[in-house]
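Working notes for the structure below.
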Number of protein chains: 2
Amino acid sequence: MTRQKATHTQRTPLNRDRVLRAAVALADATGIDTLSMRRLAQELDVVPMALYKHVANKEELLDGMADAVVGEIDPPAAGPDWQRVVRGRILSARRVLLRHPWAARVIESRTGPTPAVLAYLDSMAGSFREGGLSADLTHHVMHAMGSRLLGFSQELFDTSGPAGPPDPGLAARYPHIAELAATAAHDGGSTVNGGCDDQFEFEFALDLLLDGFERLRRQGWTSTRKA
Amino acid sequence: MTRQKATHTQRTPLNRDRVLRAAVALADATGIDTLSMRRLAQELDVVPMALYKHVANKEELLDGMADAVVGEIDPPAAGPDWQRVVRGRILSARRVLLRHPWAARVIESRTGPTPAVLAYLDSMAGSFREGGLSADLTHHVMHAMGSRLLGFSQELFDTSGPAGPPDPGLAARYPHIAELAATAAHDGGSTVNGGCDDQFEFEFALDLLLDGFERLRRQGWTSTRKA
DNA sequence: CTTGACGAGTGTACGCCGTACACCTATGGT
DNA sequence: ACCATAGGTGTACGGCGTACACTCGTCAAG
């Protein structure tokens with residue numbers, strides 16, 4: 001047992017896990033760009049340099065945060081329909097990313113894949129293989145999915161913001177975009193922001209890809225590029 | 001004409017364009033994370049604060065850099081086949097991004113779309129519309145393409161690095177990934193790194209999507225989500 | 001010719017960042 | 001009783017973005 005003097009009620013000692021979880025919580029609360037070693041240390045009631053006993057540097061902290069987030073993704077469901085298995089898991093990954101809006105950028109900024117990401121990708125590859133896709137096809141399919149495997153929406157700009165007032169001259173300068181915005185606006189219903197239902201757009205793209213893959217599998221597609 | 005004293009051979013004065021081009025060149029040469037206002041000023045033989053007469057702050061500098069890069073993309077070719085038009089333009093965008101490897105990250109980090117990006121997307125939307133896609137379908141198609149419209153590869157991690165030595169335990173821990181790597185390795189030919197031909201992977205995904213869109217167009221697809 | 005506004009470049013300074021390095025101190029095995 | 005070690009501290013350095021006050025050359029108006 002650990003004795004402790006009542007004099008200054010010593011804190012439970014830090015460890016890598018507490019550091020990582022505090023970092024994730026801080027990023028969730030205040031965003032990733034205001035996350036600094038100093039602010040994180042303050043949150044943990046500790047002097048900045050204390051963190052360096054548990055993570056080598058900030059990059060490794062971010063690595064750990066990425067792995068923690070990826071670890072939140074549900075394990076693959078069992079089932080004979082590979083499209084359902086993959087689809088469900090990717091939607092789980094997407095839910096995780098919606099919980100941690102900073103995570104996509106952090107994961108993308110890692111120079112190499114972290115262990116949890118590798119494990120996830122390996123498991124994903126397994127799902128494709130069990131679904132009957134050849135190793136060849138699985139390889140290209142995983143590249144084609146890219147970051148969408150991890151639930152990235154891959155939208156060009158984040159539509160979740162306040163979006164500001166619509167520029168009055170926009171319609172004149174960008175007529176086609178204006179047209180699309182108009183059609184999106186008047187079909188009402190579950191639209192969330194700017195007339196776009198992010199979840200619908202995500203699933204639309206996802207299903208389009210999965211259907212394409214299944215079609216290739218059925219026709220025995222094989223990579224024709226070779227020596 | 002502007003007189004100039006021979007005493008200290010005054011420099012041609014800065015302007016926003018020279019600043020932006022120097023910034024792009026510096027990022028090309030040394031990478032985006034070593035690009036600082038101070039280093040850029042040094043490159044221009046000027047004191048750091050001088051830059052702020054031409055750009056409001058670093059974010060605006062990055063905006064300008066993004067726009068400069070997007071402006072390098074070829075204009076759309078004319079032609080009756082919308083898939084060829086769109087495909088060619090996206091491959092041009094990809095070539096631009098390969099020239100400026102930092103650009104994808106910069107563009108993604110802009111909070112909103114910059115004017116050049118808006119113009120590009122508008123023109124892209126026009127190509128889809130002229131190809132016979134409905135406004136509804138065009139809208140969802142553009143979302144489904146996401147950043148790929150601008151030539152982003154959307155790979156999860158950058159394979160262009162040195163890739164290091166293959167972890168000997170990797171095959172045991174990640175058997176499916178090992179299998180994919182093996183099949184990619186022994187089909188020789190134009191493989192560039194790690195057994196993957198980035199250009200092939202990009203076009204594979206691109207064509208899969210374009211074919212899917214064309215199929216939807218032919219069958220008169222329409223968004224079924226509505227009030 | 002004088003003047004005074006103005007645009008472009010300067011110099012100094014502030015607060016924040018990541019982190020190297022030396023130090024302290026309580027803990028627990030021998 | 002000893003001391004190695006792990007965890008927390010304090011100080012300091014160099015780099016960053018940029019606010020603010022300045023200088024100085026140019027040029028139009030009086």
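Each chain gets a letter, A, B and so on, in the order its sequence line appears, and its residues count up from 1. Given the structure is predicted, the values throughout are model-derived calculations rather than measurements.
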Whole angstrom is fine here: how far is it from [atom1] in [X] over to [atom2] in [N]?
X	N	atom1	atom2	result
A:Leu62	C:dC17	CG	C1'	14 Å
B:Leu44	C:dA8	CG	P	15 Å
A:Leu51	D:dA6	CG	P	18 Å
B:Asp45	C:dA8	CG	P	19 Å
B:Arg16	C:dA8	CZ	C1'	16 Å
B:Asn15	C:dG9	CG	C1'	14 Å
A:Gln42	D:dT9	CD	P	13 Å

Kindly say if B:His54 contacts the phosphate of C:dG7, meaning a side-chain N or O under 4.0 Å from OP1 or OP2.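 So the side-chain polar atoms of B:His54 never come under 4.0 Å of the phosphate oxygens OP1 or OP2 of C:dG7.
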
Could you run through nucleotides 14-23 of chain D and give me one letter per nucleotide, 5' to 3': B if any protein heavy atom sits under 4.0 Å from the base, S if only the sugar-phosphate is that close, - if neither? --BBBBB---

Pairing residues for B:Phe204 by the ring-ring contact (aromatic ring centres under 6.0 Å, His included) criterion, not counting sequence neighbours: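 By the ring-ring contact (aromatic ring centres under 6.0 Å, His included) rule, B:Phe204 matches A:His140, A:Trp221.
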
Applying ring-ring contact (aromatic ring centres under 6.0 Å, His included), can you list everything that pairs with B:Phe152, at least two apart in sequence or on another chain?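 Partners of B:Phe152 under the ring-ring contact (aromatic ring centres under 6.0 Å, His included) test: none.
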
Between A:Arg94 and A:Glu203, is the closest basic N to carboxylate O distance under 4.0 Å?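 Salt bridge: no.
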
Pairs under 3.5 angstrom only: tabulate donor-acceptor contacts from the side chains of residues 106-113 of chain A to other protein residues two or more places apart or in another chain.
residue	atom	partner	partner atom	Å
A:Ser109	OG	A:Arg105	O	3.4
A:Ser109	OG	A:Val106	O	2.8
A:Arg110	NE	A:Val106	O	3.1
A:Arg110	NH1	A:Glu59	O	3.2
A:Arg110	NH1	A:Glu59	OE1	3.1
A:Arg110	NH1	A:Asp63	OD1	3.0

Results of side-chain contact (heavy atoms from CB on, under 4.5 Å) for B:Asn15 - residues two or more places apart only: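 Scan of B:Asn15 (side-chain contact (heavy atoms from CB on, under 4.5 Å), adjacent residues dropped) gives B:Asp17, B:Arg18.
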
Identify, with sequence neighbours excluded, every residue that meets side-chain contact (heavy atoms from CB on, under 4.5 Å) alongside A:Glu72.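 Counting only residues at least two positions away or on another chain, A:Glu72 forms a side-chain contact (heavy atoms from CB on, under 4.5 Å) with A:Val96, A:Arg99, A:His100.
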
